[in-house]
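A short worksheet on the structure shown next.
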Number of protein chains: 4
Amino acid sequence: MFNRIILIGRLTREPELRYTPSGTPVAKFTLAVDRRAGRQGEREADFIDIVTWQKTAEVCANYLGKGRLVAVEGRLQIRSYEDNQGIRRKAAEVVAETVKFLDRAKEAQQQGGGGFGSEDDFASEISFVDDDTPF
Amino acid sequence: MFNRIILIGRLTREPELRYTPSGTPVAKFTLAVDRRAGRQGEREADFIDIVTWQKTAEVCANYLGKGRLVAVEGRLQIRSYEDNQGIRRKAAEVVAETVKFLDRAKEAQQQGGGGFGSEDDFASEISFVDDDTPF
Amino acid sequence: MFNRIILIGRLTREPELRYTPSGTPVAKFTLAVDRRAGRQGEREADFIDIVTWQKTAEVCANYLGKGRLVAVEGRLQIRSYEDNQGIRRKAAEVVAETVKFLDRAKEAQQQGGGGFGSEDDFASEISFVDDDTPF
Amino acid sequence: MFNRIILIGRLTREPELRYTPSGTPVAKFTLAVDRRAGRQGEREADFIDIVTWQKTAEVCANYLGKGRLVAVEGRLQIRSYEDNQGIRRKAAEVVAETVKFLDRAKEAQQQGGGGFGSEDDFASEISFVDDDTPF
DNA sequence: TTTT
DNA sequence: TTTT
């Protein structure tokens, strides 16, 4: 009836972009969300799977990479499925409605180097990726 | 770094109360959280596992039952473990910090009948179960 | 950049419905949100103004009344204005995107008596008021 | 009964630190929270007052300054009071339970220059300021 | 100004 | 009154 989750964390790797048979873009990535740990090094994290659709999926795939800091707002979805060994499994994933970029892409984090001349410009706006931005 | 989830849903069954070896109470239950479905009957839900500790665990175990409507606030925790067939699994559960009762216990929902003369009084207060209430 | 508020509380009075010059419906009401108070009677509350637009506005105006329990999700908006004495004031209000009914209308709370034969049916569904419901 | 707000925004100025007569630290600051605006420059913001207590107050006062990006979690509180002209006013403020630093202090933003050799170390941890950190 |  |  009500299902709202808000996360801040860092991507563990580049988003993976696919398309449904009907052409809808879907992006998946994992967020490392540090637990508020004590200070003596036992820094733990929850690794939370994120799914996002449509334009937001494309923006994430184009502009996010490993290590980037984002805020995600969405809902927690539990899916039940059978893996390819026929084992019944449950998948938990956050369906993101908004993904907000909280840091700039550093050189080292860019996905392969050239070609993203406008990335910094976008990232510096720190606006919601599902705004009516020109992607 | 930041991990906050808020759910409103109904318990699918009575909470299960256990104690850790050191005596800490832990309660587990599952929440059916309806997705905002269309109207032609395809009412779906996410079934989300909730864990709660200490006094909140005891209050939930004592006063909640199948069908009760609650609001839960907490954080999403992902645990990796091996089941008793030796299969690697991931468990997603919400560690509840607050559980708020949103309806009264109906007669039919009371957990076995006698003994809870004060339940309705409590439930009608609709206060946070981890308030300094007299349990 | 990110602004999300979630409230559960009771309406202090019936919503007030107006229309902008261009015909857009706007409803306003106030929510009494109890603070998690101690138990010796000093029950305090925050009285928080809610604004909602479009179809949600009309549904709230038609189906909510004084005392009803709702969950509201939206964003906090701060407006600066001059009152009719020319005094500069700041208004804080929550722009609600979703309003969820958490209890049923009791007879005494119905807004004027007859005519709402379907209210209980709706309220009992506890669905989001901005679903594609037939209002 | 339930009152939770989550904000991400930038400080409009340095926090102001005071102490109650009994010695409790209180810090106040204002957050500029951009609305998700269109792109043609009409970038608007809500200016939201934040209050925080105890150790969090001291950490904010010591380590935050104008322009810093933070995430705040707390509850919305509405207070009614009379100003020094005897005019009845309402104040809306967010009582922050956690304040999370989302960027590093830049040289230009440090509050007066020397003395905070450890600031970057702290800020880079991006941990909750009310963790059991040694302040 | 206020709800249960 | 305001931040980037």
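What's counted below: heavy atoms across the whole structure, side chains too, no hydrogens, waters or symmetry copies. Residue numbers start from 1 in every chain, and the chains themselves are labelled A, B, ... in the order their sequence lines are given, proteins ahead of strands. A quick note: this is a predicted structure, and the numbers were derived from the prediction, not measured.
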Of the candidates F:dT3, E:dT3, E:dT2, the side chain of C:A32 sits closest to E:dT3
Please report, rounded to the nearest Å, how far the P atom of E:dT2 is from the CD atom of C:E44. 13 Å
Applying salt bridge (charged side-chain N to carboxylate O under 4.0 Å, His left out) to C:R13 and not counting sequence neighbours gives none
From C-beta outward on C:K90, which listed nucleotide comes closest to its side chain: F:dT1, F:dT3, E:dT3? F:dT1
Under a 4.0 Å N-O cut-off, is there an ion pair linking D:R75 with C:D46? yes
In whole Å, I'd like the distance from the CZ atom of C:R13 to the P atom of E:dT3. 11 Å
May I have the distance from C:R10 (atom CZ) to E:dT1 (atom P), rounded to whole angstrom? 23 Å
Between C:R79 and C:E93, is there a donor-acceptor pair closer than 3.5 Å when you use the side chain of the first and the backbone of the second? no
Results of salt bridge (charged side-chain N to carboxylate O under 4.0 Å, His left out) for D:R4 - residues two or more places apart only: B:E73, D:E73, D:E97
Nucleotide nearest C:A45 (side chain, heavy atoms from C-beta), chosen from E:dT2, F:dT2, E:dT3: E:dT3
Of the options E:dT3, F:dT3, F:dT2, whose atoms approach the side-chain atoms of D:K66 most closely? F:dT3
Testing E:dT4, E:dT2, F:dT1 for proximity to the side chain of C:S80, the answer is F:dT1
In whole Å, I'd like the distance from the CG atom of C:D49 to the P atom of E:dT2. 14 Å
Nearest-Å distance for atom pair CZ/C1', residues C:R35 and E:dT2: 14 Å
Could you please spell out the steps behind the side-chain contact (heavy atoms from CB on, under 4.5 Å) verdict for D:L7 and C:F2? CA-CA 5 Å; D:L7 302 170; C:F2 187 84; over 6 Å; no
In whole angstrom, give the distance that lies between atom NZ of B:K100 and atom C1' of E:dT4. 10 Å
Give the rounded distance in Å between these two atoms: CG of C:L69 and P of E:dT3. 15 Å
In terms of side-chain heavy atoms of D:D34, which of E:dT3, E:dT1, F:dT4 is nearest? F:dT4
Given F:dT3, E:dT3, E:dT1, identify the nucleotide with an atom nearest to the side chain of D:R88. E:dT1
Between C1' of E:dT4 and CG of C:L7, the distance in whole Å: 17 Å
Taking the six-membered ring for Trp, does D:F47 stack with F:dT2 (centroid gap under 5.5 Å, planes within less than 30°)? yes
